[in-house]
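In what follows, chains carry the letters A, B, and so on, assigned in the order in which the sequence lines appear, proteins first and then strands, with residues in each chain numbered from 1. Any value given below was found using the heavy atoms of this structure, including those in side chains, with hydrogens, waters and symmetry copies removed.
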Protein chains: 2
Amino acid sequence: MEQGEKPETGSRRKPLLRALAGEPMDRPAVWLMRQAGRYLPEYRALRQDATNFLDMCLTPERAVEATLQPIRRFGMDGAILFCDILVVPFALGRSVAFREGEGPVLEPLRTRKEAASLVTDGVAERLGAVYAAITEIQSSLSPETALIGFAGAPWTVATYMVEGGTNRDFAAVKRWALGDEEGFDVLIDRLVDATVAHLSAQITAGAEVVQLFDSWAGVLPERAFRRYVIAPTARIVTALKTRHPGVPVIGFPRGAGLMYRAYVMETGVSAIGLDSAVPCAIAQRTLQSLVPVQGNLDPLLLVVGGAAMAEAVAAIRASFGGGPFVFNLGHGVLPQTPVENVERLVELVRCAP
Amino acid sequence: MEQGEKPETGSRRKPLLRALAGEPMDRPAVWLMRQAGRYLPEYRALRQDATNFLDMCLTPERAVEATLQPIRRFGMDGAILFCDILVVPFALGRSVAFREGEGPVLEPLRTRKEAASLVTDGVAERLGAVYAAITEIQSSLSPETALIGFAGAPWTVATYMVEGGTNRDFAAVKRWALGDEEGFDVLIDRLVDATVAHLSAQITAGAEVVQLFDSWAGVLPERAFRRYVIAPTARIVTALKTRHPGVPVIGFPRGAGLMYRAYVMETGVSAIGLDSAVPCAIAQRTLQSLVPVQGNLDPLLLVVGGAAMAEAVAAIRASFGGGPFVFNLGHGVLPQTPVENVERLVELVRCAP
């Protein structure tokens, strides 16, 4: 956005912001989760120069370059900051390492006492490099492209902090969350505060939209889903809407299934990200009637390409094209995705229906 | 069942069969997925003597003993055969190995040609040991306890066959299934035939109920869910109902979320297994109105025990107790489950509400 231009008028020119404001569109706005990443040869070259993955996220010039790479190639309507949800535990003083082929490794946090000792005050100070990158990206984007900030939602970030990394069965974190609600609330509360600080700083630095990734929302029974997914998300949304009115917050409670509608109605999110398992007709009827929807091509169909991808894109556009809608995947771009399939996808989304 | 007794009258005395027939019950029938298993010290002792896990499944005396162990301790209303869903690929001639701490390892099947070469004719002959175990279990059960047979649903078994084991992202199997529907149908068709043969032989040997486990149903987009979950399940259910009228088929499409209702309406299953993420009020309104429901305590709450488990059991009973209902978990008993929590759970399910 140019200095001195009025935010509302300026931002409304961008297709992604128009779509998220519920305006009718000739063609859907489009961006892809993990559009910056290993499937791009220029990303792999950039990554080779960095000492580790956190260094990619916390060195502004690398984060800026990684963010802009897919925009240069494909001209997406949204540029999502290159970063990771685990910068928040890092900023909270936890050790976070990314080992090749292993996923993230964190020092496991297992007690209420440890959770209570987390200091949320300095989070935004410790992540200054992220906000510096955002300001620089914003100055490089065309007036058509919106800049998207993001964070992990408290439940999902907590799973990594408690398990010490990725984990198939979530035994440690669920045992704590289901067996000691008040103790686990201490961790969730700290993460709510840290997430608000982190997203708020991203918006101040130039993010025009933010997305909350709750990648593991689907593993909780209803009571826990309400307590650890819906309630913290509602608090984050309320805080952001108060501090930054008009900035849309997209919620993405992956795998929420039959809880999607309660999530939309009770969190106050501005738009809802749909995973690939969500049937479009049901989402159109029960979710798009409430807020703009975003999604939900299966990332494997982007790997497959060809007629299967084209048919799926057409089906998604046919379901959602008549209402407020942002085209996206139902999960992140996979490393084995052919670059030409992404090019083709963007063409398919933008062609006349 | 006694020789000469009429099946219908005899079987209807058993609480599990009454519940699955939709009869009103004073207290819910109860059994637990993976109720025979590593959390029981007597199972670990039995397992130590077996050369490997397949040997446990395919040696009748071991399978009989493992099946009966939880019945002796807890007096469940259902005794589920001790076996594994991967005996079907084994009977189809694929190599299947279980390595400690690693999960199953199969020779990956990746082409239509390999799928077409699978011979389904001799499946039931090769699994004679399983049916021998069933006949022996049936003769040992009290007249109150129903014997449950089971198989993996075609989609879930296919994921193991194509990936070569358990896999987090299902990249190989989804790539095939989404990109080459007619080729993948060849594999699914073979699995439908093999599954019908296997379940039919179980019923003939003495199983009074069967359950189809579709553990990975939740990873498919709608079109693929209809093609690889709903359609094959409908074919299996139709074949079994024709050959064995009156034998209930419980479908368990774990993670089906917003597709649960279509699954129930379009497969013809007699009852529906709910995973732990399914909200009870929605299931009561939209699923229990169609068929008996089974579920859905989170297995981690059985690990946790205490007040958290008691409250969750009360909530599930309050939601489902007024209609046709079988109490179960939303997934299998975990190895770290304290035995005394299972005892307590059965008491809680059976006490006056």
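- Each of A:Met259, A:Glu222, A:Glu181, A:Arg261 has some count of heavy-atom pairs under 4.5 Å with chain B, and the biggest count is that of A:Glu222.
- Put simply, the residue from A:Val278, A:Leu274, A:Thr286 that forms a side chain to side chain contact (heavy atoms under 4.5 Å, CB included) with B:Leu258 is A:Val278.
- By the neighbour-count criterion of 12 heavy atoms within 6.0 Å, atom CZ of A:Arg227 is densely surrounded, having more than that number from other residues, nucleotides or ligands.
- Counting heavy-atom neighbours within 6.0 Å of B:Arg110 CZ, excluding the residue itself, gives a total above 12.
- Within a 6.0 Å sphere centred on CZ of A:Arg44, other residues, nucleotides and ligands contribute more than 12 heavy atoms.
- The shortest heavy-atom contact between A:Ala277 and B:Gly218 is CB-O, 3.7 Å.
- The part of B:Leu220 that comes within reach of chain A is its backbone (N, CA, C, O), which places non-hydrogen atoms under 4.5 angstrom from that chain.
- If you measure heavy-atom distances from B:Arg223 to chain A, the contacts under 4.5 Å come from the side chain alone.
- Interface remark: of the candidates B:Ala171, B:Ala262, B:Ala256, B:Ala171 forms the most heavy-atom pairs closer than 4.5 Å to chain A.
- Rounding to the nearest 0.5 angstrom, the gap separating the OG atom in A:Ser276 from the NZ atom in B:Lys174 is 6.0 Å.
- Using a 4.5 Å heavy-atom cut-off against chain A, the contacting residues of residues 294-331 of chain B are B:Asp298, B:Leu300, B:Leu301, B:Val303, B:Val304, B:Ala308, B:Glu311.
- Contacts of B:Gln336 with chain A are made by side-chain atoms alone, with heavy-atom separations under 4.5 Å and no backbone atom involved.
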